[in-house]
Structures are given as C-alpha cells and as structure tokens.
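To start, the structure under review is shown below, and the notes come after it.
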There are 2 protein chains.
Amino acid sequence: MRRPTLEAVAARAGVSRATASRVVNGQTTVAPDIRDAVLRAIDELGYVPNSAARSLVTQRTDSIALVISEPGTRVFSDDPWFAMAIRSASVELEEANKQVVLMLASNAKSHARVERYIAGGHVDGVMLISMHGADPLPSALSRLRVPVVSYGRPAVPVNIPYVDNDNLGGAEAGVRHLVEQGRRRIATIAGPQDMIAGQDRLAGYRKVLRDSDLRSIVAVGDFTRESGAIAMRQLLGDDPSLDAVFVANDLMAVGALQSLRLAGRRVPDDVAVVGFDDIEAAKYTEPPLTTLRHPVIEQAAAMVRLLLSLFEGGPAEPVILPTELVIRESA
Amino acid sequence: MRRPTLEAVAARAGVSRATASRVVNGQTTVAPDIRDAVLRAIDELGYVPNSAARSLVTQRTDSIALVISEPGTRVFSDDPWFAMAIRSASVELEEANKQVVLMLASNAKSHARVERYIAGGHVDGVMLISMHGADPLPSALSRLRVPVVSYGRPAVPVNIPYVDNDNLGGAEAGVRHLVEQGRRRIATIAGPQDMIAGQDRLAGYRKVLRDSDLRSIVAVGDFTRESGAIAMRQLLGDDPSLDAVFVANDLMAVGALQSLRLAGRRVPDDVAVVGFDDIEAAKYTEPPLTTLRHPVIEQAAAMVRLLLSLFEGGPAEPVILPTELVIRESA
DNA sequence: ATGGGGTGAGAGAGCGCTCTCTCAAGAGAT
DNA sequence: ATCTCTTGAGAGAGCGCTCTCTCACCCCAT
C-alpha cells in the first residue's frame, strides 16, 4: 500500500486535483467549505506532499547544503565551535523550513562530490564553512549559479558574502590587556598561517607589540591542544624570561597551560595567558582562562539570515561581529 | 539557460533517451561505441541527473536522516562525542553514496516536523541519536514504514536495532580498578537517570560495590562539567572521608577535579578519580584522567553498516562494542 | 533458405505535483 | 434584459527521469 497522492485527496474531498493543490499550498482563492473538505481528506488519509514531485516542477528543493571543508581529523576533533555553528545554523534553517544537508569535504575526492552535488541543483543554496586559504572550494562554488555564503572570510578574494568575527580587533584587545597588566615579554602561539583566523589574530598581536615598542616572540601551532603544548615548550626554550603569552585559541591555551605547569611556571604570577574563543572548557582550566569571546551562535544565525536574504535578492554585505574580552584568572 | 536534460544528451549523442539513461545508470547492454558517444555528450554538456525526477520514479531518495533528539542546549554544547558520531556517520554514509540530512529534534514542535518529514518519504532510512528515556521519537519512528537504527539502546523497548557500547561492563571495570587500588570509600557521580548510559553506568558501579561489600555513595549529575563540580562538592560534604570517585563521564570528571582542587584534595593521593568516555580533554586535565574509552567512531560506523544492511533485508541484530580502561594518573 | 534465440536500442507510459489557461456562475452596471 | 467583471474551480500540459515492452537485427543451427 503506497502513500496517498494529491489525486486521492481530491477524490475523497470531491474536488479536482488543482483545488486540492491550492489548499495544500495555502492559496486563498478557495471557498471555506471546500477548503475544509480538502483539509479533512488530507487529515483522514494522512497525506504528505511528495517533495520529489514538487521540486521537479517548482525547481526548488527547500534544502540547503552545509558544507564543511576541512580535513576530517581536525573538524569536530574536539573543537566545540564546529558543532556549535552547525547546531545554530540547523536551528535557524529549520525555523525557515529548509532542510539541512550536511556535507563533509575533507579531500579532493569529496570536494568533487560536493561540487557535483551542488551543480546538480540538489540544493537551493550553500553555507560554506571553510577556514583554509588553499581551499579550492570557495572559488569553485562561487562559479556555480547557486547562492553561497561563507562562515569566516574566504582566504582568496572571491565574490561570496560572509559572516566573520573580528579576529584582528579581538587579538589586539587581548594583547593590549597583557600590556596594560605590565607584561613586557609577551609571546604568542599563533594559529596556522594558512587560515584567516590564524593570520588575523597574529596580525593583531604584532600590531599591539609594535605600537608598544615590544619585541614579538612567535611560535606557530595548528589550533590543537597538542600543538599548543609543544609551542609553549618551544617558547620557554627560546626565551625563558617571557612573562605572558597570547594564544590564538583556547584549545592551544589548554595545552600551553599544561606545558607551563610541567615547566614549573605559575599562572598568572610568572606567566600570564590569554586565549581566544571562550570555549566552555576555558572556565575549567587551572587557573580559569582569560580569553576573547566571540559569538559563534549568532555568527551562524547571521549566516543563515544572509543566505535567506540572498534568496530574496537582498544585499550581500559581509557581516563582522565583535569580540569581547572575558577576564578570568590566567591574566 | 537551464541545466541540460537527458533528452539533450541523447540528442547530442544521436541516441534515444532510454539509451542515454542506460549509460548513465551503468547498464551493460549498450554497445561500447554508443556508450562512448553518450559519455562524451554528457561531458560536453556538463550533464548532471536531476535527482528529483529520478527519485520521483524510483521511489528512492538516496538520503538518510540523521536525527538528533536532544534538547538543543545539551547537544553539542561541548560534549565532543555528538560531533564525532556525526562526522563518522557522515563519512560512512557518503562512502555509500547517501546524502545526510541533519535534523535536530529538540522540542515537541520539531519532533512533529521530523515525524512529518520522515513519514513524507523524503529519506530512505533514519539514524536516530536519542539518549533519553522519555523520548517519544523512537517508538513514533518505529511505527513508520522506514528503516530506523539507533545510536545507543532505546530506553523504551521498541523494535529498533541499535549499536551501543558496553556501559555496564565499562563501569564495572572502572570501579573494579578503584577497588584493586585499595580504595574503600568509593563514591560515584552518576549520569542522568533518564538516560540509558546514566542508568547502566550506575548499575555497573553498584554491582561491583555490592560484590566487594562496600557502601555506595551516589550523587547525580547531568553529564555537564558544571553538574560534575556541584556533585563533587555535595559528595565531599556527605562523606569527607571518601578516597575515590567513579564519574559517569569525563566532562563531569573535569568539573569534579576542579571541586576537589578547590577543596584542597590531592588527586590521586587523597581521592582517586575515574571518568568515562576518554574525550580528548581527559589527557589535559590536572592530573590526566584515568577513564574508559569507548569507540565512538566505530560505533557510528557500525550504525551506518547496520542501516545499510537493513536496506538489503539483512539481519537486524543489535551491536554492543566493548570499552577499554585507559589508566593515566588520576587513579 | 528458413526458423529460433539472443542482443541492442527505441517508444511511451507513467512517477506526483504545480500552474497556466479556460470556463462557469453569480454580482453589479447599464 | 443584456453585458461586463469578478471569483472559484477544473482541465491538462508539462517537470526530467526510469523501466517495461516491443521490435529490429544478426548469428547460428537446421
């Protein structure tokens, strides 16, 4: 026994298929009593429109691809913001009655699949989460005739509207806080330099140090705890007298705290630490982490709004959200 | 200019639409030269099959709903396993050429939407992640005529095959480890008792204590760090002489460690701590956490295989994966 | 030369829906 | 009483694809 069709609903309600369709799609040109008869038939039969048939004729799919273009290992590994961004975007999209198709583009093969899928018109729009400079996907997708928005400024200049947080300003605020605390040997653990967030946060650090006539001491990590721990050991070797470190994300800061502890440095007495992201774990480090909060949830929501407005032919202006310094005990 | 259709491909290759369709779908009853001609036409036109039209006739969609039935705040908040499970499932499904439709069912309204969507035949199957006893979704979905598999044993007995890890055995191993270390006042911070994982891990704790003739001391949390910290304070108040605590997940263990630190207890000297899950953060606590590892990635992959085998009419036996005690410094 | 079997390709009917076009019926204007 | 206009509902043409049926053709056995 197959699912009831619009035809069946129409038959039961004693009207034509066209009228039943009008009721389903909420058109107003249907007399109230007929409308009720159709609604009753729908209810009795448990009718649900067949979306394949519908999108075949409307050329819309009411679904949005959420493309995460990152090596699988890093994504999700346990950086919470990916998950938060996905959740927030999902909630907002469901609010707008769009389905979310999740696509992971972790390598060349899956890149090709994603491109083919998008080109195939399976979705009405694309939300792209890609933080890597070398990623070919943003430019590839921007060539397709599909609305695309990006979470985070695309590394290569490409005509895709995006939503990002103020990495530069946030980093400046964090480092300035260290300067104001009287710290003079301020190092940084930078993020990967093929990522915009990595670049911008390092640039913010450099700018403040230059303005304060302080020497910069840089180690580079890849945003994982492990890399933060390694980078911190390296910095301590390079300059044992450092008295502060600005870490480009909280996960690396957690690793850095561990290295500092193992090296016998007290935080913040000997070395002050500022992180970036304000993940939940930042409250539970020893000591709790001073860090820069940026609104992941709002950023994802703003991205959804941007995409929806694109559908309406609205403006495609990038959105930059502010960051906020959260002072705890580490600095 | 719209997308090329099969008709266009057929015309360019000088064959009928049916033959072009045969080539696209890899049927073997096409002569090699004609096949090549069609493939060339496809390539030249950049043809991509219209999935709506295809699934209209095949009655398949090649997509799978990944339904996460949890209050939004808890999901993803920063428990990494949700994200890991999603990633792993996605990778496996993409391998099998299925699309992943992500659906969040956080409240009654979204439950209804999910049910409607599934009932609407938009997907070929459902992977359900639901850890709550009171959740009506498992039974609701099991009534629909759609293959459903569950991540984690459904709380209400319902005819859905599932994949789970050995919560009971894992908890037993963890508590037994504490007993073997000579601990005698062993408390537990249990998980929420409306969740199977919470129940089973508590049951494992109880069983070992009973077998060892020790008294149980129980506080209940909700699997968040915060609740772990609160529960630990409470346990210390209830019985200041406790010398070990088995915590039902690592996130709560992190909170418990913080409370122990604030209370001036040394870990593991004064109080030994065992967690559960072996999240990445467990390596970075002070001291690093002894915990029970369970294979989230494999579990998700097994769930996908289970669903795919269901499509083939294969067996629907639940799968239980083992856990492993990882000994670090906290116990 | 005839018939049977196998192979490769085309014709055409739908899958379930939307939407334009058409038309009937009744209200109001002349 | 006739005509125009509005409103409500039906007819029917597709959307792009798959798949069954049908048939043309060639090879080999008789």
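To find a chain, count down the sequence lines: A is the first, B the second, and so on, and within it residues start at 1. Note that these values count all heavy atoms, side chains included, but never hydrogens, waters or copies made by symmetry.
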Are B:Ser16 and B:Thr19 close enough that some pair of their side-chain heavy atoms sits under 4.5 Å apart?
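A side-chain contact under 4.5 Å exists here.
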Could you work out, with side-chain contact (heavy atoms from CB on, under 4.5 Å) as the rule, every residue matching B:Pro322, not counting sequence neighbours?
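B:Pro322: no side-chain contact (heavy atoms from CB on, under 4.5 Å) contacts found.
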Results of side-chain contact (heavy atoms from CB on, under 4.5 Å) for B:Leu56 - residues two or more places apart only:
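Partners of B:Leu56 under the side-chain contact (heavy atoms from CB on, under 4.5 Å) test: A:Asn50, A:Ala52, A:Ala53, A:Leu56.
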Would you mind classifying the nucleic acid contact of B:Val15 as base, sugar-phosphate or nothing, using non-hydrogen atoms under 4.0 angstrom?
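Counting heavy atoms under 4.0 Å across all strands, the contact made by B:Val15 is with sugar-phosphate only.
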Would you say a side-chain N or O of B:Thr19 is under 4.0 Å from OP1 or OP2 of C:dG10?
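Affirmative; the distance criterion is met.
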Can you sort out the partners of [X] under ring-ring contact (aromatic ring centres under 6.0 Å, His included), two or more places apart, ordered by chain and number?
| X | result |
| --- | --- |
| A:Tyr151 | A:Trp81 |
| A:Tyr117 | A:His122 |
| A:His111 | none |

Can you name the nearest heavy-atom pair linking [X] to [Y], along with the distance?
| X | Y | value |
| --- | --- | --- |
| A:Val158 | A:Ser142 | CG2-OG, 3.3 Å |
| B:Ala20 | B:Ala10 | CB-CB, 4.1 Å |
| B:Arg3 | A:Gly120 | NH1-O, 2.7 Å |

Considering only residues two or more places apart or on different chains, which pairs with a residue in residues 8-25 of chain A satisfy salt bridge (charged side-chain N to carboxylate O under 4.0 Å, His left out)?
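Residue pairs passing salt bridge (charged side-chain N to carboxylate O under 4.0 Å, His left out), neighbours aside: A:Glu7-A:Arg17, A:Arg12-A:Glu44.
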A correct 5'-to-3' footprint of nucleotides 12-17 of chain C, with B, S and - meaning base, sugar-phosphate only and no protein heavy atom under 4.0 Å, is BB-BBB
When you measure from every atom of DNA chain D, which of residues 30-37 of chain A have a heavy atom less than 4.0 Å away?
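Close to the strand are A:Val30, A:Ala31, A:Ile34.
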Please determine whether the number of non-hydrogen atoms from other residues, nucleotides or ligands lying under 6.0 Å from atom CZ of A:Arg35 exceeds 12.
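For A:Arg35, atom CZ is not crowded (no more than 12 foreign heavy atoms under 6.0 Å).
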For residues 59-68 of chain B, which residue pairs qualify under side-chain hydrogen bond (donor to acceptor under 3.5 Å, both in side chains), counting only residues two or more places apart or in two chains?
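Listed once each, the pairs are B:Arg60-B:Asp62, B:Thr61-B:Ser63, B:Thr61-B:Asp124, B:Asp62-B:Lys98.
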For residues 154-165 of chain B, pull every pair meeting side-chain hydrogen bond (donor to acceptor under 3.5 Å, both in side chains), keeping only residues two or more places apart or in separate chains.
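Qualifying pairs: B:Asn165-B:His294, B:Asn165-B:Gln299.
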Using five base pairs at each end to define the local axes, how bent is the helix from C:dA1-D:dT30 to C:dT30-D:dA1, to the nearest 10°?
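The value is 50°.
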For nucleotides 21-24 of chain D, list the nitrogen or oxygen atoms of the protein found under 3.5 Å from its nitrogen or oxygen atoms, one pair per line.
none

